J.: 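Sharing a structure here in structure tokens format.
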Amino acid sequence: DDPEVDDYIHRHGITLNDGELIEMHPGFAEWIERASQRLNRGYGLIIDYGYPADQFFAEHRRAGTLKAYYQHGVSTETYRGIGKQDLTAHINFSEVEWHARQRGFSQLGLTTQADLLGALGIGDRLVHLRTNPALSSDDYLSVRAAVLRMIDPGAMGRFRALFLGRNVASERVPAGLR
């Protein structure tokens with residue numbers, strides 16, 4: 001029994017069955033602590049793969065979210081290519097927000113990267129680029145392909161964007177959340 005693990009399980013109302021896994025990210029507490037020491041007033045934006053707790057602990061994720069990436073392929077065999085593949089796991093945004101609240105931050109919003117970029121006008125910017133005579137067709141198509149990857153829900157568009165504020169007026173909603 002580990003008190004930190006027990007607190008985490010209790011905080012999120014998790015009941016584990018035999019063979020189920022959960023992931024914790026204990027470094028968030030320290031990271032938020034450092035951020036709170038450096039930011040007395042202002043905004044924070046965290047963008048990563050992840051979900052709020054109710055989705056993070058969904059039945060279909062009870063084997064965890066840890067994945068290995070190698071040569072554009074994905075695998076759950078994380079020990080197969082040690083040192084030759086990238087490992088990643090989703091984060092529990094509810095846990096991040098909880099630690100942030102403990103240090104005086106408030107959650108101003110949680111959205112997807114696709115929605116954030118859409119609200120910030122990425123489509124209008126793309127149209128504006130298309131009308132730029134200094135940009136070649138090939139360069140425009142390259143930028144357009146990159147933008148599409150960033151907003152595609154099957155790719156990077158499903159990243160979550162968590163806005164935090166500390167000692168800021170609650171009615172001043174950051175651009176992208178309006």
Side-chain angles (χ1 to χ4, degrees), residues 8 12 14 20-28 31-32 35 42-100 105 107-165 173-178:
Y8 181 81
H12 296 292
I14 303 165
E20 290 183 335
L21 302 171
I22 60 167
E23 295 151 345
M24 290 181 57
H25 304 90
F28 277 125
W31 185 84
I32 293 289
Y43 298 97
L45 174 62
I46 300 169
I47 300 176
D48 206 340
Y49 280 121
Y51 304 96
D54 63 329
Q55 296 172 37
F56 188 78
F57 298 112
E59 286 296 320
H60 65 282
R61 289 194 188 89
R62 287 301 179 105
T65 66
L66 181 64
K67 301 278 187 273
Y69 287 87
Y70 179 70
Q71 295 181 342
H72 305 288
V74 64
S75 170
T76 57
E77 296 183 38
T78 55
Y79 294 110
R80 175 167 269 180
I82 295 175
K84 297 178 182 172
Q85 59 186 1
D86 294 325
L87 301 179
T88 187
H90 290 56
I91 63 171
N92 175 352
F93 275 101
S94 298
E95 182 72 359
V96 175
E97 192 269 335
W98 183 86
H99 282 289
F105 290 90
Q107 178 177 321
L108 302 176
L110 178 65
T111 188
T112 63
Q113 177 171 288
D115 289 342
L116 171 65
L117 293 174
L120 290 171
I122 199 163
D124 292 337
R125 292 171 195 256
L126 205 52
V127 168
H128 178 73
L129 272 179
R130 183 64 185 124
T131 61
N132 182 346
L135 192 65
S136 74
S137 293
D138 286 345
D139 287 343
Y140 171 76
L141 290 174
S142 178
V143 169
R144 182 177 176 269
V147 167
L148 291 176
R149 277 191 306 277
M150 290 172 47
I151 63 173
D152 179 357
M156 296 172 68
R158 69 176 177 224
F159 277 15
R160 301 287 171 158
L162 173 65
F163 280 93
L164 299 171
V173 179
L177 293 180
R178 297 186 190 120

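Here, residue 1 is the first one in the sequence, and each next residue gets the next number. Every value quoted in this text rests on a predicted model; they were computed, and no experiment measured them.
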J.: Using side-chain heavy atoms (C-beta onward) and a distance below 4.5 Å, is R130 in contact with S137?
T.: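 Answer yes - side chains close enough.
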J.: With side-chain contact (heavy atoms from CB on, under 4.5 Å) as the test, would you mind laying out the steps for R160 and Y51 before giving the verdict?
T.: CA-CA 7 Å; R160 301 287 171 158; Y51 304 96; 3.4 Å; yes
J.: Out of curiosity, L129 CG to D124 CG, how far, rounded to the nearest 0.5 Å?
T.: 11.5 Å
J.: Is there a side-chain contact between H99 and H25, using heavy atoms and a 4.5 Å cut-off?
T.: no
J.: Calculate, to the nearest 0.5 Å, the distance between atoms OG1 and CD1 belonging to T112 and I47 respectively.
T.: 10.5 Å
J.: Please report the shortest heavy-atom distance between G154 and R158, naming the atom on each side.
T.: O-NH1, 3.9 Å
J.: With rounding to the nearest 0.5 Å, note down the distance linking CG in D48 to CZ in F93.
T.: 5.5 Å
J.: Kindly assign one of parallel, tilted or perpendicular to the pair H12 and F57, based on the angle between their ring planes and the thresholds 30° and 60°.
T.: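 The rings of H12 and F57 sit tilted, inter-plane angle from 30° to 60°.
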J.: Nearest 0.5 Å please: distance from the CG atom of L116 over to the CG atom of L162.
T.: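 Taking CG in L116 and CG in L162, the distance rounds to 11.5 Å.
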J.: Could you report the tightest heavy-atom contact between L45 and A161, atom names first, then the distance?
T.: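 Looking at all heavy atoms of both residues, the closest pair is CD1-CB, 4.0 Å.
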J.: May I ask you to test the L126-Y140 pair for a side-chain heavy-atom distance under 4.5 Å?
T.: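 Yes, their side chains come closer than 4.5 Å.
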J.: I want to check something: taking the side chain as every heavy atom from C-beta on, are W98 and N92 in contact at a cut-off of under 4.5 Å?
T.: no
J.: Would you name the heavy atoms of A53 and S94 that are closest together and state the gap between them?
T.: N-OG, 2.8 Å
J.: Please step through side-chain contact (heavy atoms from CB on, under 4.5 Å) for the pair Y49 and T65, ending with a clear verdict.
T.: CA-CA 10 Å; Y49 280 121; T65 66; over 6 Å; no
J.: Once rounded to the nearest 0.5 Å, what's the spacing between atom OG1 of T78 and atom CG of L66?
T.: 5.0 Å
J.: Would you kindly check if the NZ (Lys) or CZ (Arg) of R80 is within the cone defined by 45 degrees around the ring axis of Y70 and under 6.0 Å from the six-membered ring centre?
T.: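 Geometry flag: not set, cation outside 6.0 Å or 45°.
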J.: Indicate the atoms forming the closest heavy-atom contact of Q55 with R61, along with that distance.
T.: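 Heavy atoms only, the tightest pair is O-NH1, 2.5 Å.
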J.: Flag the pair K84 / Q71 as yes when at least one side-chain heavy-atom distance between them is below 4.5 Å, and no otherwise.
T.: no
J.: Would you say R149's side chain and M156's backbone share a donor-acceptor pair under 3.5 angstrom?
T.: no
J.: Heavy-atom distance under 4.5 Å between the side chains of Y8 and I14, does that happen here?
T.: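 Yes; the side chains approach each other to less than 4.5 Å.
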J.: Using a 4.5 Å cut-off on heavy atoms from C-beta on, say whether the side chain of H90 contacts that of K67.
T.: no
J.: Less than 4.5 Å apart, side chain to side chain, heavy atoms only: is that true for V96 and W31?
T.: no
